[in-house]
There are 2 protein chains.
Amino acid sequence: MELRSIHYFVAIAEVGNISTAAVKLRIAQPALTRHIKQLEGELNTILFNRLARGVQLTASGREFLEYAYRIVNEVAQARQEITGLSSKPK
Amino acid sequence: MELRSIHYFVAIAEVGNISTAAVKLRIAQPALTRHIKQLEGELNTILFNRLARGVQLTASGREFLEYAYRIVNEVAQARQEITGLSSKPK
DNA sequence: CGACTTTACGGGTCGCGTAAGTATA
DNA sequence: TATACTTACGCGACCCGTAAAGTCG
């Protein structure tokens with residue numbers, strides 16, 4: 001499980017379809033599909049129901065989304081805090 | 001910044017030297033050095049002081065370690081929770 | 001049948017391990 | 001000079017994008 005995949009997952013969840021998310025993320029749709037598939041494989045869980053007009057979070061997906069937000073926030077906070085330290089010399 | 005690098009960072013911090021951590025992590029020392037270098041590059045911060053007999057956390061390193069633990073825990077929790085769901089069918 | 005997702009496939013890049021180099025006590 | 005970290009380098013694996021195929025309302 002990698003942070004990039006989590007970011008991708010969040011983007012798709014927010015947009016509701018893979019194609020649009022791919023444009024936003026500046027990658028091709030197939031690559032995005034693969035990331036999600038891999039994530040689902042690692043978690044052994046389906047995160048999205050595939051519909052004709054996009055995707056929709058499953059119950060597991062909704063739960064994972066909460067963790068995803070928490071993780072992303074932690075990371076952003078860490079980065080900001082630590083990077084900030086270097087600009088305050090000693 | 002990737003989760004793997006964070007795990008590696010934690011392992012080194014706990015052991016106090018890169019070589020031993022590499023053995024535990026089942027990768028070669030140079031690979032581990034590179035991961036940490038990259039992490040330091042991304043954070044624009046030195047995380048370890050390199051000593052003759054291993055490495056030691058800097059102040060920034062100690063701070064980052066706290067975030068690292070939090071992130072790793074969140075991820076472990078998410079994985080466990082979500083993977084667990086799949087075994088409880090509907 | 002139209003919009004979206006998935007699979008196939010070749011190509012480029014990134015990361016790994018081995019080996020050589022550097023530094024410090 | 002012994003121990004540990006770093007840099008060099010060649011190779012294999014992984015990931016990406018394009019193109020083709022599949023799926024569902």
Side-chain angles (χ1 to χ4, degrees), chain A residues 1-62 64-65 68 72 75 79 82 86, chain B residues 1-62 64-65 68 71-72 75 79 86:
Chain A
M1 179 151 50
E2 284 301 337
L3 283 178
R4 185 147 41 128
S5 305
I6 297 177
H7 276 111
Y8 289 170
F9 167 76
V10 170
I12 297 175
E14 290 180 344
V15 165
N17 85 50
I18 295 180
S19 316
T20 312
V23 174
K24 280 199 175 182
L25 294 169
R26 307 274 201 148
I27 65 173
Q29 293 92 340
L32 201 43
T33 290
R34 286 187 295 252
H35 275 282
I36 296 306
K37 282 243 151 196
Q38 186 191 332
L39 196 53
E40 291 180 327
E42 287 180 24
L43 295 173
N44 199 37
T45 306
I46 301 298
L47 297 171
F48 292 107
N49 288 316
R50 276 71 168 175
L51 310 172
R53 297 281 174 133
V55 297
Q56 188 172 24
L57 284 169
T58 61
S60 301
R62 281 193 296 277
F64 185 65
L65 183 59
V72 167
V75 170
R79 193 190 324 257
I82 302 299
S86 73
Chain B
M1 179 152 48
E2 285 301 336
L3 283 178
R4 183 146 43 128
S5 306
I6 298 177
H7 277 111
Y8 288 171
F9 167 77
V10 170
I12 298 175
E14 290 181 343
V15 166
N17 84 52
I18 294 180
S19 315
T20 310
V23 174
K24 281 199 176 183
L25 295 169
R26 307 271 200 149
I27 64 172
Q29 295 90 343
L32 200 43
T33 291
R34 285 188 296 252
H35 274 283
I36 296 306
K37 282 245 151 196
Q38 186 191 333
L39 195 53
E40 291 180 326
E42 287 180 24
L43 295 172
N44 199 37
T45 306
I46 300 299
L47 297 171
F48 292 107
N49 289 316
R50 277 71 168 174
L51 310 172
R53 297 282 175 131
V55 297
Q56 188 171 26
L57 284 169
T58 61
S60 301
R62 280 192 296 276
F64 185 65
L65 184 58
I71 293 165
V72 166
V75 170
R79 191 188 327 254
S86 73

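Below, chain A is the first sequence line, B the second, and so on; all start at residue 1. Bear in mind the structure is a predicted one, so any value in this text is a computation, not a measurement. Only heavy atoms go into these numbers, but all of them, side chains included; no hydrogens, no water, no symmetry mates.
Considering CG of Leu39(B) and CD1 of Ile46(B), their distance stands at 11.0 Å, rounded to 0.5 Å. The line from CG of Leu57(B) to CD of Glu14(B) is 10.0 Å long, rounded to the nearest 0.5 Å. One finds the CD atom of Glu40(A) at 10.0 Å from the OG1 atom of Thr33(A) (value rounded to the nearest 0.5 Å). Note that the CD atom of Gln56(B) and the CG atom of Asn49(B) stand 6.5 Å from one another [nearest 0.5 Å]. To the nearest 0.5 Å, atom CD1 of residue Ile82(A) and atom CE of residue Met1(B) are 9.0 Å apart. A distance of 10.0 Å separates CD of Glu2(B) from NE2 of His35(B), quoted to the nearest 0.5 Å.
One can place CD1 of Ile27(B) at 14 Å from C1' of dT6(D), the figure rounded to the nearest angstrom. The CZ atom of Phe48(B) sits 16 Å away from the P atom of dA4(D) (whole-angstrom rounding). In this structure, CD1 of Ile36(A) is placed 17 Å from C1' of dT7(C), rounded to the nearest angstrom. Between the NZ atom of Lys37(A) and the C1' atom of dT5(C) there is a distance of 9 Å, given to the nearest Å. Whole-Å rounding puts the Leu47(B) CG to dC5(D) P distance at 15 Å. Arg53(A) has its CZ atom 11 Å from the P atom of dG2(C), to the nearest Å. In this structure, Leu32(A) places its CG atom 10 Å from P of dG17(D), rounding to the nearest Å. Atom CG in Asn49(A) sits roughly 15 Å away from atom C1' in dC4(C) (whole-Å rounding).
The ring pair (Phe, Tyr, Trp, His ring centres under 6.0 Å) with Phe48(A) is formed by just one residue from the set Phe64(A), Phe9(A), Tyr8(A); it is Phe9(A). No option in Leu32(A), Thr20(A), Asn17(A) other than Leu32(A) meets the side-chain contact (heavy atoms from CB on, under 4.5 Å) test with Ile12(A).
Residue Arg26(A) places none of its side-chain N or O atoms closer than 4.0 Å to OP1 or OP2 of dC16(D). Look at Thr33(A) and you'll find a side-chain N or O under 4.0 angstrom from OP1 or OP2 of dT6(C).
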Treating primed atoms plus P, OP1 and OP2 as sugar-phosphate and everything else as base, which nucleotides of nucleotides 18-25 of chain C get B, S or - for protein heavy atoms under 4.0 Å? BB-----S
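The shortest distance between side-chain heavy atoms of Ile71(B) and Leu3(B) falls below 4.5 Å.
Residues from residues 6-25 of chain A with heavy atoms under 4.0 angstrom of DNA chain D: there are none.
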